[in-house]
Amino acid sequence: HLTPSAYASLMRGLKELDLQGPCVPSDLVLIGDHAFPLAMNSRGQVLMAASLYGSGRIVVLGHEGYLTAFPALVENAVTWLRGDGSDNLSVGVQRNVSAVADNLQKPSFQVEVVGAFSDNLGVGVYVTDAYSVGSDPTELVAFLKAGGGVLIAGQAWSWAANHPKENTLHQFEGNKVAGVAGIYFTERCASSSAFWVLPQVPLMVTGKDFKDDLEFLLQGVSEFDLPSDCVFSEVLVHGPLAFPIGTTEDGRPFLAGAYYGRGRVIVVTHEAYLAVKSMAPFWRNAIHWLDEGRRGVVGVMVDPALKVLSESGLKCEKTNFRKDLSVFVCTAYITEHLEEIQNFVAEGGGLLIGGHAWYWAQTYPGQNPLTDFSGMKMHNKGFTIHIAEILVVFLFFTQKNIKPSMHYTYHFRHLLHRFAAHVTTGVELSKHEEGCLKKLGNDCDAYLRTKARGCFYYTQVLAALTDMLKRSGLPQVSRETFEQHGLIQIGCQTDDLHRKDELKRPPRVHERFPVTSEMLHVSNLWGGLIYLVAPPNTQVKGLEIIVQKAVTVPYYKSGVTTAAEWSLLRTAPGPWAELEFENIVLTVPSDAVRGLEHPDKVAALWDEMTRAIADLAAKPHKFPRKERFVTDVQISAGLMHSGYPIMAHHASAAEVVGVKKGEQLWGPIHELGHNQQRSCWEFRPHTTECTCNLWSVYVHEEVLGINRAHAHGNLTLANRKSRVEEYIKGGRKLSDWSVWVALETYLQLQEKFGWDAFKKVFAAYHHMSNFPHDNGTKMNLYAETFSQTVGMNLTGFFKAWGWPIKTATERKLSQLPYWNDHPMTQYR
């Protein structure tokens, strides 16, 4: 953006601005990527600012008296407002500030005093006070947008005092022009003092009390009754004119609103909520809030939402974006008309936008949702979600019956301002503020990942955080702190620990850099192994990579690394080692492999185990993508967790590297089993921690040579029998059918029909499509598939376990012989 050069041009030759005197200015609020302050006081209040809109430029002064008090500044402003290379020397000065004309009598300006702005003036710059814009500044906004320059000055606090029921941001005349460029006159008086040019910039805080907006939006809304099958993202509400509307009990917003230009925006973090009937009272209020009394046409691009939104009483039409709309409703995935929609909102339109980022983040794990997700890319064009300063974060959660609050108790920028004061000057924080600091840390991380380096607000937040970090100091890394706190970085170690109350390592220790040139300089504070991540379906041949200033680590690859090479590599100085086998890569501390003399034997056993995993899943022996197993000093969940990579604590390193037949390896195989689960034959939450254990039992018996009764303490015959009896006594409730109880169902099937039956069932699912989504229908499909596979009617067995077997399923399988002597018959 133009901020550094623009600031230099506007302040050329000025060493100090003495703003003390009779003028009581308005505090200006800035939003968006283009607005930046020219003068601020020590409280963070802005008295002068500049911005861009369309092809034009604008300078806003917080009091009309400044137009004559600082003639050098006004001259610089008019020169900058003309634009680079413009040959239009004509300057129009509104009659009420005609004194400005006297100060611009130079050959470089052709000044004309006029009564009002009009298209036929032919000026390059227009100077006015904030009270002479008129009720309809359409022509002046169009002039600015097309490349004109506007200098506007005034204060809104006296107007607000005389119009107590009016919305200053949208109804004050000056804001009808300055607001489109992201600068607003507010009803707050700003304190005046002497200002040095380029002062140390303090953090700005919220720019409005949104009590009236929340009262309007939440009228008649007692709770948000949300469907549990819609998983929504979290929003980071960080702008001075943005505010949360709906938050979870622990304070995570999923619904937010904002002022942008002369218009308004509401963001909800799942598009399905737009069509939820129980949300109709809120959407009715929201549409009217966005319409602002115009009673215009509401254009709805999200077809399922049309019926619910039509209950607002306004005229709703199914349509793509049109300029004649009053409100436009779309998803965050829209890719067309972005600049037009931005201008539509800035010039007075309303926007309701829905969408989530978590699914995209899971689908593209190597990319940054806050910069690469299509909904986030809008901010690159200065659009909605970022411009309204509401960021959809990729985290996800579900929660029903959320109570709305008329008073939001957390705002990112406000708490950051308070925390900065606490760190730098010792200001005491309240108990509530202290309780929000963890969320503040998470939000700072999310905000910095937007990488909006051209935006003044981003620069301001980054400067504040850097200053606090310098004052508090970075922890010094030594071998002792390395071992105690795990201050490390592993390239594949992407576990995020920001929600952990206690940290043994920094919450995020990996970095990614896009390959944009043949030579790259990359760095990471925590160091780490270097990985090349290729896009899906990439074919790489003849690629040569040269890495400079890196340290060698112990690395073994089956079929490539020789015994002689390994004898040297296992002593390499790097703190992390990798063992790459046919279907899995193990990343462990180097100490775990220093004494490993025969990695080929470890490879052979892992190859046998992973092939067995593929066998049970009825898949080819060679995995389409090698699994990864990474150990760490701290992970995001449990003792281990599945995913890519599978994560485990350091204690597991010796277990996976020293694996031998006859020795248990339940945990790692359990996690590999999780990675084989498919939703079409999963009945969550009942089987989430159950069916993955089929692979643990299979690998222990078929490869490691350990009977199930010895593979895990919960699988002894006594424990199995007592669990079934307890389940029967409890009434065979599906709510109790989970983990080891649920596993018993599958083990009974295996003990009757063998592992081949499971392989054939899994194979049958590979050839199916259009799967049901509800557990009841999926369980009937499973019962039918297993019965057809083994040639026996198993409905009685599954009903004995409490499964909701339908009459239609029983009828369909009635030609098969019944399994009359199944293990559950003894409990009739």
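No experiment lies behind these values; they were computed from the predicted model shown.
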query: Hey, mind stepping through F117 and F143 against ring pair (Phe, Tyr, Trp, His ring centres under 6.0 Å) and telling me if it holds?
result: CA-CA 10 Å; F117 180 84; F143 163 75; 4.9 Å; yes

- prompt: Of all residues at least two apart in sequence or in a different chain, which pass the salt bridge (charged side-chain N to carboxylate O under 4.0 Å, His left out) check with D291?
  reply: none

Distance (rounded to the nearest 0.5 Å) between D213 CG and R264 CZ: 5.5 Å

- prompt: Ignoring hydrogens and geometry, is there a side-chain-to-backbone donor-acceptor pair from T269 to F254 under 3.5 Å?
  reply: yes

Contacts table for residues 158-165: side-chain donor-acceptor under 3.5 angstrom, sequence neighbours left out:
{"unit_1": "S158", "atom_1": "OG", "unit_2": "Q155", "atom_2": "OE1", "d": "3.3"}
{"unit_1": "S158", "atom_1": "OG", "unit_2": "Q155", "atom_2": "NE2", "d": "3.0"}
{"unit_1": "N162", "atom_1": "ND2", "unit_2": "S158", "atom_2": "O", "d": "3.2"}
{"unit_1": "H163", "atom_1": "ND1", "unit_2": "W159", "atom_2": "O", "d": "2.7"}

task: Could I get the full list of salt bridge (charged side-chain N to carboxylate O under 4.0 Å, His left out) partners for R82, not counting sequence neighbours?
output: none

- prompt: Using the ring of each side chain (for Trp, its six-membered ring), is Y259 parallel, tilted or perpendicular to W289, with breaks at 30° and 60°?
  reply: perpendicular

statement: Output for pair (L429 CG, H422 NE2), nearest 0.5 Å, gives 5.0 Å

task: Kindly indicate, with the supporting measurements, whether the criterion side-chain hydrogen bond (donor to acceptor under 3.5 Å, both in side chains) is fulfilled by D136 and T138.
output: CA-CA 6 Å; D136 183 13; T138 303; 2.4 Å; yes

- request: First locate atom SG of C330, then atom CG of L352, and finally report the distance between them rounded to the nearest 0.5 Å.
  value: 8.0 Å

task: For I183 and A35, work out which heavy atoms get closest and say how close.
output: CG1-CB, 4.0 Å

- request: Count the heavy atoms of every other residue, nucleotide or ligand shown that sit under 6.0 Å from CD of E434, and state whether that count exceeds 12.
  value: yes

- request: Could you tell me which residues satisfy ring-ring contact (aromatic ring centres under 6.0 Å, His included) with F109, sequence neighbours excluded, listed by chain and number?
  value: none

field: Closest non-hydrogen atom pair, K438 against H498
entry: NZ-O, 2.6 Å

- request: Test T79 against N76 for side-chain hydrogen bond (donor to acceptor under 3.5 Å, both in side chains), laying out the working first.
  value: CA-CA 5 Å; T79 301; N76 287 348; 5.6 Å; no

task: Check the pair Q94, Y126 against side-chain hydrogen bond (donor to acceptor under 3.5 Å, both in side chains), reporting the backbone distance first and the verdict last.
output: CA-CA 8 Å; Q94 205 280 331; Y126 183 67; 5.2 Å; no

- line: By salt bridge (charged side-chain N to carboxylate O under 4.0 Å, His left out), E173 pairs with (sequence neighbours left out) none

statement: CG of L351 to CD of Q342, rounded to nearest 0.5 Å, is 11.5 Å

query: Mind checking whether K145 and E347 have side chains closer than 4.5 Å, heavy atoms only?
result: yes

message: Once rounded to the nearest 0.5 Å, what's the spacing between atom CG of L28 and atom OG of S51?
response: 12.0 Å

Set of salt bridge (charged side-chain N to carboxylate O under 4.0 Å, His left out) partners for D27, sequence neighbours left out: R188

task: Look up atom CG in L144 and atom CZ in R57, then write down how far apart they are to the nearest 0.5 Å.
output: 11.5 Å

task: Identify the residue among I58, D129, L67 that makes a side chain to side chain contact (heavy atoms under 4.5 Å, CB included) with L151.
output: L67

